[in-house]
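Throughout, protein chains are lettered first and strands after them, A, B, ... in sequence-line order, and every chain is numbered starting at 1.
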Amino acid sequence: MASSLAGPVRVRFAPSPTGYLHVGGARTAIYNELLRASLGGAFVLRIEDTDRERSDPAMTRQIQQALEWLGVRWDEGPFLQSERLQRHRARVDELVEQGRAYACFCTPERLAPLRDAAVRAGRTFRYPRTCLELPAAEAARHRERGTPFVVRLRMPDAEVRFADLVRGEVAFAAEVLDDFVLLRSDGTPTYHLSVVVDDVDMGVSLVLRGEDHLSNTPKHLRLFEALGAPVPRFGHLPLILGADKKRLSKRTGATSVEEFRAQGILPEALYNYLALLGWSPGDDREILSREEMVAAFSVERLGGSASVFDVEKLLWMNGQYLWALPPDELRARLEPFLAEAGLAEYRGNPRLAAAAALHQVRARTLRELAAQLRPYFHDVAWDDEASRKYLAKEPRLPELLAELGRGYATAEPFAVELLEAALRQLAEQQGVKAGALIHPTRMALSGSTAGPPLFDLVALMGRETAVRRLAAYVEALRRL
RNA sequence: GGCCCCAUCGUCUAGUCAGGUCCAGGACACCGCCCUUUCAAGGCGGCGACACGGGUUCGAAUCCCGUUGGGGCUACCA
């Protein structure tokens, strides 16, 4: 299977800026970074923006930011492929001079029927090499007339075989490989040309990329050879699937790093989760620091089969990281989420920090956590259905809560022990269970049936808010 | 259609390269119990898989072949 690796490597991540950074791309970047960190060498970031139509410069910046946020660090770049077009063309000229590539005057319109015929006949289409055998005179005539042409690589008529780092031996028969286009008729380089020339120039010694490139690899290998460059090692990672087992798409949920960030996923959690989607340290560890991952990482431990992106597990893992955050860190991470919870003005508020600590273990994302903090600062809506149940159980509830409110209005100090004692004493005097008061009180103050220990909540909320909401809730109960 | 890749609990995976220690281990989810004023967190337990069929072998999750299923590629896109 996978062969072992040693020594420094030069790896790269080469996204195209046609959209936000996809989690699949992010995972590829992570593995490249881990590989580079465990073996030494360099990690190059290159932006494949040769498709002018679909590339967006804003996305280039966006992708960099997403990588930085995720905590993926690269050593060199970002290099923009679009700035290297002259270089790509120059290398094609060399190949043509050496007879390793040739001009082809066949139009797509001419080739299309041939391709269809091949498919119908159950064969792989190969360019028939019409122009390879073109008499010199005819070629010259085309040149004079200025006939548009592409440049094709002349593929050796031999099988291509290579040892994929994650899949083992892979072979492609000569018959399925054709003389693919290096230079388009408008003179721009194709993806295949650009990637290989850049990998050569950037000294890339190991290419770890998505499985969608596996079929391109024989072409690339031949190009490396034609360019007289050392051939890097290749490894192809399986794709990430959605819950429907199809390629992860927006239809099935969030797909970009940006979206997870906006949902309040912590970067270290996403990194950890993605790293484990297709790789395992070999033991039962699941929560690993970057250092632990670097120490345990090896290309042999990469899996070869596609994995389903499981949001539930990501959320669990995010919870693990969230709960472990020290107070200062938690406050800082929460800040970007305050605005959407209507808490922007409470930034730095000590009550907010205390509430965050109280709810930390009850939320799985920063967004959830921020939302839970709202009742400490804004009025709440009560759940009528739950309220009716409380009332059905204890018809005297309005009077009891009113009495509790009066007690809390004068409780001194307004602190957990006293608040609890007061409520329990009232319950005992009135012959009701403490729970019969505790749950409605929680509803009165927080609008929820769930939450932190009640007296922590009351103490933190403060006398003024607690007494006011209790009174308002009593009125609401009477109106039910 | 052709070519290539993949196949262990619902999901992520360990085990597969060096066949026996695997009536298959861990995690998420789910269910139950404990803790508990609720919800979480935590602890304990449960449910749950080697896709199928042949072969090789004393012995196969592990090796080989086939079938089935899934995925990728099949552009003058990247």
Within the 4.0 Å heavy-atom criterion, would you say [X] contacts the bases, only the backbone, or no part of the nucleic acid?
X: A/Gly278; answer: sugar-phosphate
X: A/Asn216; answer: base
X: A/Thr18; answer: nothing
X: A/Ala14; answer: nothing
X: A/Ser16; answer: sugar-phosphate
X: A/His192; answer: base
X: A/Val150; answer: base
X: A/Pro238; answer: nothing
X: A/Phe172; answer: sugar-phosphate

Open item on the list: Please encode protein proximity along nucleotides 26-43 of chain B as a string of B, S and -, counting only heavy-atom distances under 4.0 Å.
Closed with: BBSS-------BBBBSS-
Give a yes or no on whether the backbone of [Y] and the side-chain of [X] come within a donor-acceptor separation of less than 3.5 Å.
X: A/Arg27; Y: A/Leu277; value: yes
X: A/Arg374; Y: A/Ala341; value: yes
X: A/Arg333; Y: A/Leu366; value: no

Nearest-angstrom distance, [atom1] atom, [N] to [M]:
N: B/G70; M: B/C63; atom1: P; result: 24 Å
N: B/A27; M: B/G43; atom1: P; result: 10 Å
N: B/U56; M: B/U13; atom1: P; result: 34 Å
N: B/U67; M: B/A61; atom1: P; result: 23 Å
N: B/G46; M: B/G2; atom1: C1'; result: 49 Å
N: B/C12; M: B/A49; atom1: P; result: 16 Å
N: B/C47; M: B/G10; atom1: P; result: 14 Å
N: B/C76; M: B/U68; atom1: P; result: 32 Å

Selection [range] - residue pairs positive for salt bridge (Lys or Arg N to Asp or Glu O under 4.0 Å), sequence neighbours left out:
range: residues 415-426 of chain A; result: A/Glu420-A/Arg424
range: residues 307-323 of chain A; result: A/Glu286-A/Lys313, A/Glu312-A/Arg364
range: residues 211-220 of chain A; result: A/Arg167-A/Glu211, A/Asp212-A/Arg247

TODO: For A/Ser16, check side chain to side chain contact (heavy atoms under 4.5 Å, CB included) against everything at least two apart and list the hits.
DONE: A/Thr18, A/Glu48
- [ ] Go through the structure and list residues passing side chain to side chain contact (heavy atoms under 4.5 Å, CB included) with A/Arg301, not counting sequence neighbours.
- [x] A/Trp279, A/Ser280, A/Ser298
Taking [atom1] from [X] and [atom2] from [N], how many angstroms apart are they, rounded to a whole number?
X: A/Asp178; N: B/C76; atom1: CG; atom2: C1'; answer: 12 Å
X: A/Leu237; N: B/C4; atom1: CG; atom2: P; answer: 21 Å
X: A/Leu165; N: B/C5; atom1: CG; atom2: C1'; answer: 15 Å
X: A/Leu315; N: B/C12; atom1: CG; atom2: P; answer: 16 Å
X: A/Leu177; N: B/C73; atom1: CG; atom2: P; answer: 17 Å
X: A/Asp199; N: B/A78; atom1: CG; atom2: P; answer: 15 Å
X: A/Arg161; N: B/C4; atom1: CZ; atom2: C1'; answer: 13 Å
X: A/Asn272; N: B/C12; atom1: CG; atom2: C1'; answer: 12 Å

Name the pairing partner of [N], where a pair is Watson-Crick or G-U wobble with both distances under 3.5 Å, or state none.
N: B/U38; value: none
N: B/G69; value: B/C6
N: B/A75; value: none
N: B/U16; value: none
N: B/C33; value: B/G43

TODO: Output yes when at least one side-chain N/O atom of A/Arg115 is less than 4.0 Å from OP1 or OP2 of B/U74, else no.
DONE: no
Task: side-chain N/O A/Thr124 vs B/U74 OP1/OP2, d < 4.0 Å - done: no
- [ ] Determine which pairs satisfy side chain to side chain donor-acceptor pair (under 3.5 Å) with at least one residue from residues 153-163 of chain A, sequence neighbours left out, and list them in order.
- [x] A/Arg129-A/Asp157, A/Glu159-A/Arg161
Open item on the list: Can you pull out every side chain to side chain donor-acceptor pair (under 3.5 Å) where at least one residue sits in residues 112-128 of chain A? Sequence neighbours excluded, please.
Closed with: none
Checking [Y] against [X]: is there a side-chain donor and acceptor pair closer than 3.5 Å?
X: A/Tyr102; Y: A/Asp179; value: yes
X: A/Thr365; Y: A/Asn318; value: no
X: A/Gln430; Y: A/Arg396; value: yes

Task: Near-strand residues of residues 77-91 of chain A, defined as heavy-atom separation under 4.0 angstrom from RNA chain B - done: none
- [ ] Would you mind telling me which residue lines up with the more 5' stretch of RNA chain B, A/Tyr273 or A/Phe105, judged by nearest nucleotide?
- [x] A/Tyr273
For nucleotides 66-72 of chain B, tabulate all protein N/O to nucleotide N/O atom pairs closer than 3.5 Å, reporting atom names and distance.
residue	atom	partner	partner atom	Å
B/G71	OP1	A/Lys246	NZ	2.6
B/G72	N2	A/Ser215	OG	3.4

Task: Residue list, side chain to side chain donor-acceptor pair (under 3.5 Å) with A/Ser448, at least two apart or on another chain - done: none
Task: From B/U13, B/C76, B/G15, nucleotide with atom closest to A/Arg301 side chain - done: B/G15
Task: Pairs satisfying ring pair (Phe, Tyr, Trp, His ring centres under 6.0 Å), at least one member in residues 301-327 of chain A, at least two apart - done: A/Phe260-A/Phe309, A/Tyr273-A/Phe309
